[in-house]
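Note that the coordinates shown come from a computational prediction; the quantities given were computed from them, not determined experimentally.
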Amino acid sequence: MKQYLAAICLSATMLLSCNGNNDAVQKEAQQFLDTYTAEYVKLYSNSSEAQWKSQTEIVEGDSTNTANAAKADEAMAAFTGSKENIEQAKKYLAQKDKLTAIQVKQLELILYAAANNPQTIADVVKQRIKAENEQTRQLYSFQYMYNGKKVSTNDLDATLKSENDLNKRLAAWTSSKEVGTTLKSGLVNLRNLRNKTVQELGYNDYFSYQVSDYGMKADEMMQTMDKLMEELRPLYRELHTWMRYEMAKKYGVTDVPDYLPAHWLPNRWGQDWSSVVNVEGIDLDKILATKSKEWIVKEGEKLYTSIGFPALPETFWQKSSLYPYRADSNVKKNNHASAWHMNLGTDVRSLMSVEPNAEWWETANHELGHIYYYMTYTNNDVPPLLRGGANRAYHEAIGTMMGLAAMQKPYLAGRGLIDGNVKTDSIQALLKEALNSVVFIFFSSGTMSNFEKALYVDNLPENQFNAKWWELAKKYQGIVPPTERGETYCDAATKTHINDDPAQYYDYALSYVILYQLHNHIAKNILKQDPRATNYYGQTAIGDFLKKITYPGASKDWRTVLKESTGDELNAKAMLEYFQPLVSWLQEQNKGRKYSL
């Protein structure tokens, strides 16, 4: 009995000693994290401000803003990639069993950030930052021309959506690709610099580095992309066949091609075909044309406040750049819609070029999803370093889901945009959605992800860039160029993400899958409505559900978040179920037609 008591006392003493040691290590690690975070937030804010200016005030021949952005980025890189910070993070991670889970997550993030900016090769990092800023300036300062006139990308997009003359369509499509020739050499340089940078800390290449943020290897991510496409391929095959025949009919072409000529499509990259379908009773473009640009964004805010989120801060309206500049303006801006968390605190902004039409209606609701995600995880329980999505795809999933919700008939009727009693063709509505989201999966999972994998992992030779791009577009999307596109062109580089958001486009593919899983749960378990006909407006239970997902930011593993919120693992089941009523209709339409995929 005495021996037993002695053992208990010894165990208790050891436990107290271990706890005391743990407390000391945690305290020391926290001091490092606090010091690091204070400097990180300051430099992050400076970099955000400089980048904002460089993307909203682009003047041909004036590189001042680009140089300032590079300088701010260099300061951030020097800090995040410093040898001291790398050594400190590694030191504490070697004792991770003594740290709290949230401390470990922050330290892992510090090392991940360091891999993109290792100061052991400071010259290479500096070159990469300068090259990235110059590439962005080059992309967005480009003056597009059509029929001898200066035009914006919005103008070219409008032509591709509405023009029936194939010669005019070809001219608009060709104009949209001219910028690629100016970007090719910069992309080659960036590929080499990005790979060199991350290889310093042991990553094989830049693509593998970005994928590791999901806790996955490059091959695992590509297998995931293949699996999603395999699940959706029968539906895509039907859509592709339907589109070939319908577009041939529209343009008066009797010999239906096996593959879709790129200029036949209403999108510059063939990633969204939805505008070819007009759902009877819902001519949203016509309705929204009577509204103002400002009204579009304000109505988006109302959706979020109706489900329990706060009003946007006044600074959002004061500091955002929401509307397009004139086509002939000497000052240009990045025309790609984006949301910005400027200081990892309360300064949130959006960069858009809103017009009163259906595309910008959906986009505005989408971008505000990012903004409200920022606002929700900016709380005392989430350290600034972990103020991000559960993974990058979650941010896109929330935004895209809210954009989808704002396009459904019951929501539009509830907002007074259409008559709730108007008869609409549910199959046509579903077809329109599929021509957006299902079609997009094959662009994002197929063409984009495989091109960037080839670019970074396989070190694709520069004299094969355009050949590879069109090889992948044909294989995955069933799209071919309208004319010969040699290696003078660099059509991949006309997509903004290839230049300034690289090796991450699988985020968007994953986001579409996740959004249908989340939307399916909301429709069936919260609203008790058909997922194809929901009205989120005023449903505070949806706000509560979304807050549970968004509040923890990146402090919780994304797989856990998905399982807890939907009860399921990542898969395309919800997406397939959503579009199932469309399959038999398409098969009937395609009877007697030739399938080429």
Side-chain angles (χ1 to χ4, degrees), residues 214 221-240 242-243 271-274 277 362 366 369 390-409 426-449 476-477 505-527 529-534 536 542 545-546 549 558-559 561-563 565-587 597:
Y214 285 83
M221 181 59 80
M222 297 314 295
Q223 286 163 12
T224 301
M225 295 296 101
D226 288 344
K227 181 173 178 285
L228 295 179
M229 287 188 288
E230 192 58 39
E231 289 181 275
L232 292 165
R233 186 165 282 111
L235 175 54
Y236 186 75
R237 187 167 175 260
E238 296 292 342
L239 291 167
H240 181 266
W242 180 88
M243 191 71 171
Q271 69 182 62
D272 177 3
W273 309 343
S274 60
V277 173
E362 185 171 4
H366 173 122
N391 62 31
R392 295 192 305 256
Y394 262 84
H395 245 296
E396 292 304 323
I398 296 294
T400 309
M401 183 181 75
M402 297 303 284
L404 178 146
M407 297 293 282
Q408 293 202 325
K409 179 184 173 182
S426 61
I427 287 294
Q428 288 297 298
L430 207 53
L431 175 63
K432 189 176 182 70
E433 282 189 51
L435 291 173
N436 177 336
S437 43
V438 177
V439 164
F440 181 75
I441 290 289
F442 287 79
F443 174 69
S444 54
S445 296
T447 304
M448 280 290 284
S449 293
Y476 292 108
Q477 296 174 268
Y505 212 77
Y506 43 80
D507 291 357
Y508 295 94
L510 293 172
S511 77
Y512 268 71
V513 175
I514 292 170
L515 89 84
Y516 278 99
Q517 289 184 271
L518 296 177
H519 176 70
N520 190 58
H521 179 87
I522 288 170
K524 292 183 175 179
N525 297 288
I526 297 176
L527 296 176
Q529 295 173 3
D530 181 346
R532 304 165 199 91
T534 63
Y536 282 21
I542 296 175
F545 173 73
L546 292 178
I549 293 170
W558 69 270
R559 297 169 187 83
V561 174
L562 186 61
K563 186 74 173 173
S565 56
T566 68
D568 208 351
E569 313 288 342
L570 180 76
N571 61 69
K573 282 189 302 187
M575 197 171 182
L576 281 167
E577 183 184 314
Y578 186 92
F579 290 110
Q580 191 54 46
L582 183 62
V583 176
S584 56
W585 181 86
L586 282 168
Q587 289 171 340
L597 288 184

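The side-chain contact (heavy atoms from CB on, under 4.5 Å) with Ser445 is formed by just one residue from the set Met222, Lys227, Met229; it is Met229. Evaluated for a side-chain contact (heavy atoms from CB on, under 4.5 Å) with Leu597, the options Arg233, Gln477, Glu238, His240 yield exactly one hit, His240. The only option from Asn525, Ile526, Asn520 that meets the side-chain contact (heavy atoms from CB on, under 4.5 Å) definition with Ile522 turns out to be Ile526.
Put simply, NE2 on His395 and NE2 on His366 are 10.0 Å apart, with the number rounded to the nearest 0.5 Å. Separating the CE atom in Met401 from the CD1 atom in Ile542 is a distance of 7.5 Å, to the nearest 0.5 Å.
In terms of heavy atoms, Ile398 sits closest to Gly369 at CG2-O, 4.3 Å. Between Ala572 and Leu228, the closest heavy-atom pair is CB-CD2, 4.3 Å. In plain terms, the two heavy atoms of Gln271 and Val439 that are nearest each other are O-CG1, 3.6 Å. What you find for Thr566 and His521 is that their closest heavy atoms are CA-ND1, 4.2 Å. Here the shortest heavy-atom pairing between Ile441 and Met575 reads CG1-CE, 3.8 Å.
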Could you please spell out the steps behind the side chain to side chain contact (heavy atoms under 4.5 Å, CB included) verdict for Asp568 and Lys573?
CA-CA 10 Å; Asp568 208 351; Lys573 282 189 302 187; 3.5 Å; yes
**Request:** Apply side chain to side chain contact (heavy atoms under 4.5 Å, CB included) to Leu586 and Leu235, showing your working.
**Result:** CA-CA 9 Å; Leu586 282 168; Leu235 175 54; 3.8 Å; yes
- Query: Between Tyr578 and Leu430, is a side chain to side chain contact (heavy atoms under 4.5 Å, CB included) present by the stated rule, with each step listed?
  - Reply: CA-CA 9 Å; Tyr578 186 92; Leu430 207 53; 3.7 Å; yes
*List the steps and the verdict of side chain to side chain contact (heavy atoms under 4.5 Å, CB included) for Leu404 and Tyr512.*
CA-CA 10 Å; Leu404 178 146; Tyr512 268 71; over 6 Å; no
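Between Trp585 and Leu431 there is a side-chain heavy-atom pair separated by less than 4.5 Å. In this structure, Thr400 and Tyr508 have side chains that are not in contact, with every pair of non-hydrogen atoms separated by 4.5 Å or more. Looking at heavy atoms from C-beta onward, Leu510 lies out of side-chain contact with Asn391 at the 4.5 angstrom threshold. With contacts defined as side-chain heavy-atom distances shorter than 4.5 Å, the pair Asn571/Val513 does not qualify. Between Gln408 and His519, the closest side-chain pair of non-hydrogen atoms falls below 4.5 Å. With contacts defined as side-chain heavy-atom distances shorter than 4.5 Å, the pair Leu435/Trp242 qualifies. Taking the side chain as every heavy atom from C-beta outward, Glu433 and Val438 never approach each other to under 4.5 Å. Within the 4.5 Å cutoff, side-chain heavy atoms of Arg532 are placed close to those of Pro581.
Taking a cutoff of 4.0 Å between a charged side-chain nitrogen and a carboxylate oxygen, Glu569 and Arg559 do not qualify as a salt bridge. Salt bridge absent: Glu396 and Arg392 never bring a charged side-chain N and a carboxylate O closer than 4.0 Å.
Here the side chain of Ser565 pairs a donor or acceptor atom with the backbone of Leu562 at under 3.5 angstrom. The backbone N or O of Ser444 lies less than 3.5 Å from a partner atom in the side chain of Ser449, making a donor-acceptor pair. Of the possible polar contacts, none joining the Thr534 side chain to the Tyr536 backbone as a donor-acceptor pair under 3.5 Å is found.
Here Phe443 and Tyr505 bring their ring centres to under 6.0 angstrom of each other. A ring-centre distance under 6.0 Å is found for Phe579 and Tyr516.
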